Amino acid sequence: MRRREASTKVMAAGTAVEPMTVATAEEIAAQEFARIVESHRPQIFRFLLSSLRDIDLAETLTQECFLKAHRNWSHFRGDSSAMTWLMRIAINLQKDYWRNRRIQFWRQTRTNAVDLDEASEWLPNGERSAEQQMLAREQVAQVWQAVKGLSERQRTVFLLRYVEERELSEIAAATGLSEGTVKAHLSRALGRVRAELRGTR
Amino acid sequence: MNWEQDRSGESPQMELELEQALKHFKASMDAWSYAAYHRPRTAAKLAVRHSWRMAAGWALGCLLAAGSLVGAGHEIYHRQQLAKLAAQKAAEQRAAAGRATAQPTSVQPVSAQSDKKAPAATVRKVSVGAQDGARSQDDDLLATVDRDVSREVPAAMEPLAQLMDDNGTQ
């Protein structure tokens, strides 16, 4: 490990404090990164799981996302939040996956994606009657059906908004789209969900 | 989340239903993601699956290699058999041709002494006859070739070639 003296000096209350070694700076950066992994990993996993409906794949891409983030951690300047930065990496990984999948069509035969009925089965055990539970499950299935019919971009925007509860500006930063485009995609996605809900009434 | 931002001009009942559906969807996604994220993972199971795949891959590879080897062996054997048959046929044809040319010599009268060694002598005669026949065939062939070659001499040698041809025919 490199042990050379870093030129960085931490200034506190107008006085120069002991110079920090590179090793110490690296240790601090590693600790900070570990904290970020711990706090954001479940959210990145959830986003990828909702996008892909494949647990193993979502886990693999989450790992890859944090591996990429770790490699580029020194380049992260904090222009956006760490979460937005990580989301951008996850979105790009997901895009790559879909692109590869389209080319390598045989991958479809070994996909582990669960079907919509199975995905709709998941509901928290709230204090609800059996009827309410059934109604909720039906609504979840309808939303999944609508999500299935969305384009890749619409789906990403929709999931970031209604599952990850991100602000429009954050979604725009993570996807690289303008806020206006994000709004347009959201509007179309909501239109589809409405149509799905209306269709079963 | 500020739901008011995403509202459209739909009926309030529809919007309420949509809001509820989206809330349930998020709750469902949270529950599924939590369960998947915290599910127990056993390394042994993964290793077993991996080794099983590896074994299957190896078995398939070995099968393919063995298949190609057997195929190649069979092809070689088949070719050898064909070559043998062809050689046999050629030998038979040669023997038949030899017999055809040797027949007049076998008719010659033989002495009483040679009657005792009749089978061996006949075989020797047949083979000698076959050899003679083959030799005369070769001579004929060579004579034809010589004639053809001598005809294709350059223009300057034409008179000499004509002379030789005349001598040969006379």
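Letters A, B, ... are given to chains in the order of the sequence lines, protein chains preceding strands, and every chain is numbered from 1. The analysis underlying the following values was restricted to heavy atoms, covering all of them including side chains, and did not include hydrogens, waters or symmetry mates. Since this is a predicted model, take the numbers as computed values, not measurements.
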Rounded distance (nearest 0.5 Å) linking atom CZ of A/R192 with atom OG of A/S151:
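Those atoms lie 9.0 Å apart.
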B/H78 vs B/H74 aromatic rings, parallel, tilted or perpendicular, using cut-offs 30° and 60°?
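Taking B/H74 first and then B/H78, their aromatic rings lie parallel (interplane angle under 30°).
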Aromatic rings B/W32 and A/W144: how do their planes relate, parallel, tilted or perpendicular, breaks at 30° and 60°?
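Correct class here is perpendicular.
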Report, in residue-number order, which members of residues 173-180 of chain A are under 4.5 Å from chain B by heavy-atom distance.
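Residues qualifying by a heavy atom under 4.5 Å from chain B are absent, so none.
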Can you tell which part of A/L135 gets under 4.5 Å to a heavy atom of chain B, answering side chain, backbone, both or neither?
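Neither part; nothing is under 4.5 Å.
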Identify which one of A/Q139, A/Q133, A/Q142 satisfies the side-chain contact (heavy atoms from CB on, under 4.5 Å) criterion when paired with B/H24.
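Among the candidates, only A/Q139 passes.
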Not counting sequence neighbours, list each pair that qualifies as a ring pair (Phe, Tyr, Trp, His ring centres under 6.0 Å) and has a residue in residues 29-57 of chain A.
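For residues 29-57 of chain A, and leaving out neighbouring residues, the ring pair (Phe, Tyr, Trp, His ring centres under 6.0 Å) pairs sorted by first residue read A/F33-A/H70, A/F33-A/W73, A/F45-B/Y37.
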Assess whether side-chain contact (heavy atoms from CB on, under 4.5 Å) is satisfied between B/K26 and A/E164, documenting all intermediate values.
CA-CA 8 Å; B/K26 179 172 167 43; A/E164 298 309 320; over 6 Å; no
